[in-house]
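Hydrogens, waters and symmetry mates play no part in the numbers below; they use all other heavy atoms, side chains included. Chain identifiers are assigned alphabetically (A, B, ...) following the order of the sequence lines, protein sequences preceding nucleic acid strands; residue numbering begins at 1 within each chain.
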Amino acid sequence: MIFDNKFIQQRIEKAKLLKEAGHNPYSNDCKRNTTIEKYLNVNSDIADREDKRDEKRHYTVAGRIKLLRVMGKASFVKIEDESGMLQIYVARDNLPEDFYNDMFKKNIEVGDIIEVGGYPFVTGKGELSLHAESFTILTKAISPLPEKFHGVTDKEIRYRKRYLDLIMNSEVRKTFHTRSKVVSLTRRFFEDKGFLEVETPMMHPIAGGANAKPFVTHHNALGIDRFLRIAPELYLKRLIVGGFEAVFEINRNFRNEGMDATHNPEFTSIEFYWAYKTYKDLIEITKEYFKYLFEHLNLPTRLPYGDLEVDFENFQEIPLIESLTKIGGVPVESCKTIDSILSYLKSKNMTVKPGMNLGQLQGELFDEFVEEKLIDPTFITEYPVEISPLARRSDENPAITERFELFIAGREIANAFSELNDPIDQLSRFEVQMKAKDNGDDEAHEMDSDFVEALSYGMAPTAGQGIGIDRLVMLLTNEHSIRDVLLFPAMKPINNEEIKTQEEE
RNA sequence: GUCUUGUUAGCUCAGCUGGUAGAGCACGUCACUUUUAAUGAUGUGGCCGAUGGUUCGAAUCCAUCACAGGACACCA
C-alpha cells in the first residue's frame, strides 16, 4: 500500500481533523485575486511609508507552503505560486477564535496549498509580507515534501517524479519556461516568414527521412505493422509537391537507439521546407532565426556553455573536406581516398566498420577530429553524396551535395540541404541504400517508392532544414543532459510488475 | 551494448579494516507575537535496493540481478 508510511498516515489524520472542523481539505472555493509577483510589485511602495503598512489594501493570494516558522502566538509562512514566493504573517488574534491554535498550528504544514487574505506590510527585517486576516486550506498534501534546504538532488527522483523536482527547484521551472518560449518563438518566426504549420503522420508504413532504427507498433484493424516516425521529411516534401511553398512542423521523432546525455528515444525537432530557395538561403535564415531567438529571450550573444563560451555573432562556414585539414589537423592527402583514410585512422589506432565508402570515411574523420572543436556556430558544407541520400548534388561536383550541418559547442544542432528533386537520381540513391541495408547496415534508408512517385510529378526546387529543439534548448539554458530539458525523460520501469506486463504483451 | 561509480529514515547525508544503525531537516510534545534554513528542550521514525554466498556474526566482504549517474560505442 502506498500510504502505509507513518508520515502520510499522520497527514491523512490531519486532513480528517480539518474536515471534521468544517475546513474542507480539498476545497475549490478559491478567491485569489492576485499573483505573488503582482502583489510584490503593486505593494513595493509600502517600504517607503512611515508605518510600513496599509491596512486599507486587501489582497488574496494562494500558494504552496514552502517554509513554516511557528513562534508561539504568531507565525511566518512562506508560500510559493508559479510567479514567486511571499511571506505571510499569521497572528493568532487576527484569525477566528481558536483557529490559530487548533487548526493552523496543528493541522497545517509544509507542502499544503493555502489561500490567505490580508494587507501588505513590511517586517522589521525589511521584507514585504502579507498580514493575514483570513486563512483557508485549499489542498492538504498528505505526502511530505523533501528537505527544505537541500530539496531533491537525486537525479532519479527528479526525473521520475518531475512534479517534486518542479515544486522544489525553481530553476527547473525556469528551464522549462525557456523551452516553451523557444518553441513558441520558433513557431512565430516561421509563421511571420509566411510558413504554414502542418501536421504529418507519426505512424509511418516506411520509416524514412533519416538513418535510424524505428520503433514498431501494430495496427490491429488493418493487421499491419507501423513505424513511429524517425523524421517527417518525406511527408513534408510531398506537401511541397502538392503546391505548398513553405511548410514547417514542430513535433516529436522517435528513434530506437541508445539513451545518453544527448539522446532520448523521443525528441523534438522543427523541420521546414521552402520552395524556390537553396541551402544558401537556409544559412541566412538560420542566422536570422538565432538573432531572433536571442533578442526575444534577452540572452547575451556571448553565451556561456559549461566551460565554453559561444559567440553567437561569429557564424563560420567551411566545407567539410577543408574542415578536416584546417580544424581537424588531418593531412590533405589523408582525406582523399579510402586507402589513405584507412591508413591514417590506423596510425591513430582507430578502427571503423569494414566496407565503408569514401564519403562515409570522410564523415568518420569529421566526427572524430573536427566536430567537438566547433564551438562558435559553424556551418559545415559540401557533404559527400554517399552520406546525403536525400540531398541535391552540387552542379559543379556531383560527388558532393548542397548541404550543411550547423555545429555549436561541439554538437550538431541543424541539418539542411537543397532538396533532391530529380526522381531518377532519388530512386538510384534509394537503391544504393537498399544495397547497404542488404550488406548489414540496419540504419540505411528504406526505399520509399511512393515518395519517388511524388517527386516524379515534379517538386519545385526546394531547401529544407531540421533543427533539434532539445539540443537547442540545452544550449540556451546551459544544460548538459537532454533529460534536464525534457519534462518527462525516458526512464526504465522500476518495479517488476511493469516489466512482466511488457513481457506478456 | 561495454566499462565505472552509486543505492542506508519522507528528504540531504555519515557509518573506516565485519560485532545487532547515526546526524540534520521534516513530523509529535513543550516554550516563544517580527522570524529568514527561526530558536531551545524532548520524542517517534529503518527488511541498510533485491537474491544468494563467506562467517559464530554482514549495511560493511564476495557473486548475481534491478535501477540510477558518469564515460565510451551507435546516433540527432
Side-chain angles (χ1 to χ4, degrees), chain A residues 2-11 13-14 52-53 66-78 85 87-94 100 105-106 109-111 121-127 129 131 141-161 164 167-168 209-213 230-231 253-269 271 350-353 363-364 367 371 405-407 411-415 441-443 466-472 474 480-483 489 491-496 498-499:
Chain A
I2 65 168
F3 294 143
D4 59 2
N5 176 285
K6 182 196 151 187
F7 300 105
I8 296 180
Q9 285 301 323
Q10 271 178 7
R11 283 171 171 256
E13 182 60 25
K14 290 179 183 182
K52 306 279 184 195
R53 65 187 57 229
K66 297 299 287 289
L67 291 169
L68 188 55
R69 297 185 283 275
V70 178
M71 313 177 52
K73 297 183 187 66
S75 301
F76 289 92
V77 187
K78 289 249 173 156
M85 182 101 79
Q87 175 167 271
I88 311 288
Y89 178 70
V90 184
R92 185 191 64 183
D93 301 338
N94 293 301
Y100 181 82
K105 270 168 79 174
K106 293 212 187 291
E109 58 206 315
V110 172
F121 81 114
V122 172
T123 64
K125 302 276 161 122
E127 180 166 349
S129 307
H131 195 121
I142 60 167
S143 280
L145 285 185
E147 206 252 355
K148 64 186 176 190
F149 188 58
H150 299 92
V152 269
T153 57
D154 185 309
K155 292 215 165 183
E156 184 167 359
I157 298 177
R158 292 187 43 216
Y159 298 147
R160 285 192 197 279
K161 303 186 183 178
L164 272 186
I167 289 172
M168 299 308 295
N211 305 62
K213 286 176 219 155
I230 56 175
N253 295 317
F254 306 87
R255 299 194 184 172
N256 206 341
E257 286 158 1
M259 291 154 60
D260 63 24
T262 54
H263 297 84
N264 195 68
E266 48 183 309
F267 64 100
T268 301
S269 70
E271 287 204 12
M350 289 162 45
T351 51
V352 290
K353 277 186 253 169
E364 284 291 317
D367 291 346
E371 184 168 0
E405 287 195 1
L406 173 62
F407 293 86
R411 278 201 205 116
E412 185 193 338
I413 295 294
N415 179 21
D441 181 354
D442 55 2
E443 287 181 0
I467 301 171
I469 296 289
D470 311 281
R471 290 184 180 182
L472 177 62
M474 285 170 69
H480 295 257
S481 169
I482 195 168
R483 291 176 173 179
M491 299 291 276
K492 283 195 198 176
I494 16 171
N495 65 55
N496 296 329
E498 275 184 71
I499 293 165

Check nucleotides 72-74 of chain B for protein N or O atoms closer than 3.5 Å to its own N or O atoms and list the pairs.
{"unit_1": "B/A73", "atom_1": "N6", "unit_2": "A/Asp260", "atom_2": "OD2", "d": "3.3"}
{"unit_1": "B/C74", "atom_1": "N4", "unit_2": "A/Asp260", "atom_2": "OD2", "d": "3.2"}

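Evaluation of atom-type donor-acceptor distances gives a pair under 3.5 Å for the side chain of A/Tyr89 against the base of B/U33. For B/U35, its base sits under 3.5 Å from the side chain of A/Gln87 at one donor and acceptor pair at least.
Spacing between atom NZ of A/Lys155 and atom P of B/C11 amounts to 18 Å, rounded to whole angstrom units. Atom C1' of nucleotide B/A14 and atom NE2 of A/His150 are separated by 13 Å, given to the nearest angstrom. Note: NZ (A/Lys66) to P (B/A38) measures 12 Å, nearest angstrom.
Residue order along RNA chain B, read from the 5' end via each residue's closest nucleotide, puts A/Ile157 first among A/Arg53 and A/Ile157.
Ring stacking is absent between A/Phe7 and B/G10, as the pair misses the limits of under 5.5 Å between centres and under 30 degrees between planes.
Nearest nucleotide to the A/Arg483 side chain, out of B/A76, B/U34, B/A68: B/A68.
Within the 4.0 Å cut-off from OP1 or OP2 of B/G28, at least one side-chain nitrogen or oxygen of A/Lys14 is found. Look at A/Lys125 and you'll find a side-chain N or O under 4.0 angstrom from OP1 or OP2 of B/U35.
Base pairing of B/C65 is made with B/G49, judged by Watson-Crick or G-U wobble geometry with both donor-acceptor distances under 3.5 Å.
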